[in-house]
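Scroll down for the structure; my scribbles are underneath it.
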Amino acid sequence: MTKDTTKNNLLDKYNIAMWEEGKIEAFRQRLLTWYDKQKRDLPWRQTSDPYCIWVSEIMLQQTQVNTVIPYYERFIGTLPTIKDLAEAPEDVLLKLWEGLGYYSRVRNMKVAANQVMNEYGGLFPTEHKQILKLKGIGPYTAGAVSSIAFNQPEPAVDGNVMRVLSRLFEIDLDIGKASSRKVFEEMIRLLIDPDRPGDFNQALMDLGATVCTPKNYHPETSPVRDFNASYLNDSWKNYPVKKSKTKQTEEEYIVLGLINNQGEYAFEKRGSKGVLSGMLVFIMVDRSLLRQKNWKEFHQDPSVIEANELETLTRYLKQEYGLEVNIKNERKGKCTHIFSHLKWQLDIYEGMILNESPGSRELHYIHPDAFDRHPFPVPTQKVWDLITKITLF
DNA sequence: AAGCCGTGGCA
DNA sequence: TTGCCAAGGCT
């Protein structure tokens, strides 16, 4: 039995009707003409160096263009080649990444850079299959680098592309589900311009970022509105389909700015798993571990640690860190930090370290004058600003 | 498969 | 204020 290569099983399965060849070619031309005229002038569009394209694509993961631009300039300026990246100490990399978030991205880049040095002699691999094997490079980024840097007709399906295609074809798939991406990739394989695959992919993303946006979407302003089934059928408000996310869970911490007799603050490196893994934070103690069952009944003043909780805290610091401290029971300040899936409520207190003995957790002592030399995640920076803030009367 | 991983911007 | 969203990948 011979396979019918004119049919696409995945598109058939979801009853998606692809356009005929003439319409596809007209679409390519309309989209690329618009792109040639309207494309955004971005730093990584002034190079064809796969290393630079790669760096930009990693930074752009779940991060907006305007945020990325200064980070990209500084990163490429500091580490102009993949060899520089492979040889850079992790602290230097994290300092360049500080504030961008998702810090495993840059750690993975260093691993990938070493893969390229060891397996490809420092030359970025040119084949999509090889690129996909690099640490931190998934289906989207492999497609982006392949098409943009090496002119290969590979799909690069991100949130923009899924939103654009959902509206163009009235696709009812939930774009939040991982399995949906493959369907959109099959569509792109048929749509992509074989002569300008990189520009085609970028044009679709530009369209999603500037015209076919999640909010304030006006389909009549689109350069490809004639191709847009959801516009022609006035169903565009239904697309894309996306399930709403679950709310962040809240966690409350006492954060301690503990200073030793040399004027240094105590920090802790978070574990290798979980949020902010391997990053420096002030000592944080989960209040749910400290509080008694009915603490709310007798605890009135939120700026003061209740006596029982303070006692437990003191014991905890001795046991976990080997620290004897004198905590000033007057809240220095409070702040919140919101992650994608959780929310931290931080109450900040200061204290003096009276005695240190070996504890189960290692501490790092950093003098205020040296603070800027270390990479810190934003929550640590927020707490730092509160602790060192000069109070004006 | 679905939950985890940061941060800033915006209505 | 709150929730959503952004050029996703890993486990």
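We name chains A, B, ... by the order of the sequence lines, and we start the count at 1 in each one. Only this structure's heavy atoms are used, side chains among them; waters, hydrogens and symmetry mates stay out. Since we're looking at a predicted model, the values are computed, not measured.
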Assign A:G99 to base, sugar-phosphate, or nothing according to its heavy-atom contacts below 4.0 angstrom with the strands shown.
sugar-phosphate

Pairwise P distance for B:dG3 and C:dC4, with rounding to whole Å:
15 Å

The nucleotide from C:dA7, C:dG9, B:dT7 with an atom nearest the side chain of A:P139 is C:dG9

Out of B:dA1, B:dC5, C:dA7, minimum distance to the side chain of A:V65 belongs to C:dA7

From CE of A:M279 across to C1' of B:dT7 the rounded distance in Å is 12 Å

note: A:M162, atom CE; C:dG8, atom P; distance rounded to Å ~ 8 Å

**Asked** B:dG6 and C:dT11: how far apart are their P atoms, nearest whole angstrom?
**Response** 13 Å

A:R361/A:E320 ion pair, N-O < 4.0 Å: yes

In whole angstroms, the gap separating P of C:dT11 from CZ of A:R107 amounts to 13 Å

Query raised in the report: When all nucleic acid strands are considered with a 4.0 Å heavy-atom cut-off, which category describes A:W44: base, sugar-phosphate, or nothing?
Result: base

| task | Look at A:R181 and C:dG9 and indicate whether a side-chain polar atom (N or O) is within less than 4.0 Å of OP1 or OP2. | result | no

Rounded to whole Å, the CD1-C1' distance (A:I175 to C:dG8) equals 13 Å

(request) Could you tell me whether A:A156 contacts a base, only the sugar-phosphate backbone, or nothing, with contacts defined as non-hydrogen atoms closer than 4.0 Å? (result) nothing

- Hey, does A:T141 reach any base, or is it just sugar-phosphate, or nothing, if we go heavy atoms under 4.0 Å? sugar-phosphate

- Touch class at under 4.0 angstrom, heavy-atom based, for A:L276 against every strand present: sugar-phosphate

* Asked: Does any N or O donor sit under 3.5 Å from an N or O acceptor when you compare the side chain of A:Y140 with the base of C:dG8?
  -> no

**Request:** Determine whether the aromatic ring centres of A:F371 and A:F376 lie less than 6.0 Å apart.
**Result:** yes

Worksheet item: Taking only N and O in the side chain of A:H337, is any of them less than 4.0 Å away from OP1 or OP2 of B:dG6?
Response: no

A:W97 ring center within less than 6.0 Å of A:Y102 ring center: no

message: Tell me whether the rings of A:W344 and A:H337 are parallel (<30°), tilted (30 to 60°) or perpendicular (>60°).
response: tilted

Among C:dA6, C:dG9, B:dG6, the one nearest any side-chain atom of A:R105 is B:dG6

Check A:E186 with A:R189, please: is the shortest side-chain N to carboxylate O separation under 4.0 Å? yes

Does a distance-only test, which skips hydrogens and angles, find a donor-acceptor pair under 3.5 Å between the side chain of A:T63 and the base of B:dG6? yes

Describe the nucleic acid contact of A:R45 in one word from base, sugar-phosphate, nothing, applying a heavy-atom distance below 4.0 Å.
-> base

Note: for A:I338 and A:N216 on DNA chain B, the residue whose nearest nucleotide lies more 5' is A:I338

A:F376 CZ to B:dG6 P, in whole Å, measures 16 Å

**Message:** Assess, by modelled atom type and distance only, whether the side chains of A:Q202 and A:R45 contain a donor and an acceptor separated by less than 3.5 Å.
**Reply:** yes

- Would you say a side-chain N or O of A:Q62 is under 4.0 Å from OP1 or OP2 of C:dG8? yes

Item to complete: Look at the side-chain N and O atoms of A:H341 and state whether any lies under 4.0 Å from the OP1 or OP2 oxygen of B:dG3.
Response: no

Between A:L60 and A:I137, the residue closer to the 5' end of DNA chain C by nearest nucleotide is A:L60

Taken to the nearest whole Å, CE/A:M109 to C1'/B:dC5 is 16 Å

Checking C:dC10, B:dG9, B:dC5 against the side chain of A:Q64 (C-beta onward), the nearest is B:dG9

Taking B:dC10, C:dA7, B:dG6 as options, the one with an atom nearest any side-chain atom of A:K215 is B:dC10

Of A:S277 and A:A178, the one whose nearest nucleotide on DNA chain B sits closer to the 5' end is A:A178

Inset, instruction - State whether the distance check finds a donor on one side and an acceptor on the other, under 3.5 Å, for side chain A:R40 versus base C:dA7. - result: yes

query = Which is true for A:V68 with a 4.0 Å heavy-atom rule: it touches a base, it touches only sugar-phosphate, or it touches nothing?
reply = nothing

Determine the interatomic distance between P on C:dA7 and the same-named atom on B:dC10; round to the nearest Å.
14 Å

* Asked: A:Y102 side chain N/O closer than 4.0 Å to the phosphate oxygens (OP1, OP2) of C:dC10?
  -> no

Handout entry: Co-membership, hydrophobic cluster, residues A:F282 and A:Y349, 4.5 Å side-chain
Key = no

From CG of A:L173 across to P of B:dA1 the rounded distance in Å is 13 Å

Quiz item: How far does the C1' atom of B:dA1 sit from the matching atom of C:dG8, given to the nearest Å?
Solution: 16 Å

Once you apply a heavy-atom cut-off of 4.0 Å, does A:S340 come out as touching a base, just sugar-phosphate, or nothing? base

Here the distance between atom P of B:dG8 and atom CD of A:Q61, to the nearest Å, is 18 Å

Checklist entry - Base, sugar-phosphate alone, or nothing: which one does A:L42 contact when heavy atoms must sit under 4.0 Å apart? => result base

Which of C:dC4, B:dG8, C:dA7 is nearest the side chain of A:D206? It is C:dA7

**Request:** Can you establish whether the number of heavy atoms outside A:N233 located under 6.0 Å from its atom CG is more than 12?
**Result:** yes

